[in-house]
Amino acid sequence: MERTLVIIKPDGVRRRLVGKIIQRFEEKNLTIVEMRYDFMTEELVKEHYAHLKRRHFFKELMDYMTSGPVIYLVLEGDEVIDMVRKMVGATKANEALPGTIRGDFGMPGTENVIHASDSKDTALIEINRFFKEPISVVTVENNPEKKK
């Protein structure tokens, strides 16, 4: 089993696409093992997108990623990294195929709805970056409220 990190970006949260996006992952039988609603700080943006810091659009990217809340997800499944990357689609919404998350929901420019790790090494680094204190998934078996 592999794990990968997915971030539903501020435009995805603002446009109320979270449920639709998560549904697509669940329909592929992927398991959400970690999930958190949070705001990305400038420091996290600089760390996460360090490879883009010299690009002309970095300030716009920084403003976008700190403009509202995001949803961090750790997904698990067989070959999950490749599967999720295919489901997400090309980075630029106008190049993403219909049926992919970005193809269906992405907007021109910076707002491309979602991020997904691109390799096993990157997934490990990104999961550790955003889940320094992992949150366990609550299930019926270990949820004391459900046992009452």
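Below, all heavy atoms of this structure are taken into account, side chains as well, without hydrogens, waters or symmetry copies. Position 1 is the first residue of the sequence, and the numbers go up from there.
- The pair Arg129-Glu47 counts as a salt bridge, with a side-chain nitrogen and a carboxylate oxygen less than 4.0 angstrom apart.
- Annotation: ring pair (Phe, Tyr, Trp, His ring centres under 6.0 Å) contacts of Phe105 (sequence neighbours excluded): none.
- Panel note: side chain Glu95, backbone Ala90; no donor-acceptor pair is recorded below 3.5 Å.
- Remark: His51 NE2 is packed, more than 12 non-hydrogen atoms of other residues, nucleotides or ligands lying under 6.0 Å away.
- When atom types are taken as modelled, the side chain of Arg102 and the backbone of Ala96 share no donor-acceptor pair closer than 3.5 angstrom.
- Among residue pairs with one or both ends in residues 59-78, those qualifying as side-chain hydrogen bond (donor to acceptor under 3.5 Å, both in side chains) are Arg3-Glu76, Asp11-Tyr64, Lys59-Asp63, Glu60-Thr110; sequence neighbours excluded.
- Atom OG of Ser117 is separated from atom CD1 of Ile125 by 9.5 Å, given to the nearest 0.5 angstrom.
- The side-chain heavy atoms of Leu75 and Met83, taken from C-beta on, include no pair separated by under 4.5 Å.
- Between Met107 and Asn112, the closest side-chain pair of non-hydrogen atoms is not below 4.5 Å.
- Screening Val88, Val84, Ile22, Val74 against Val6 for a side-chain contact (heavy atoms from CB on, under 4.5 Å) leaves a single residue, Val84.
- Taking the side-chain contact (heavy atoms from CB on, under 4.5 Å) definition, one finds that Phe39 meets it with Pro69, sequence neighbours left out.
- At least one donor-acceptor pair closer than 3.5 Å links the side chain of Glu2 to the backbone N or O of Ile81.
- In this structure, Leu52 CG and Leu61 CG are separated by 6.5 Å, a value rounded to the nearest 0.5 Å.
- With contacts defined as side-chain heavy-atom distances shorter than 4.5 Å, the pair Ile101/Val113 qualifies.
- Within the structure, side-chain hydrogen bond (donor to acceptor under 3.5 Å, both in side chains) pairs that include any residue of residues 83-92 do not occur (at least two apart or interchain).
- Ile71 is listed as a side-chain neighbour of Val13, based on a closest heavy-atom distance under 4.5 Å.
- Applying the ring pair (Phe, Tyr, Trp, His ring centres under 6.0 Å) rule to His115 yields the partners His48; only residues at least two apart in sequence or on another chain are considered.
- For Lys53, the side-chain contact (heavy atoms from CB on, under 4.5 Å) criterion is met by Phe58, not counting sequence neighbours.
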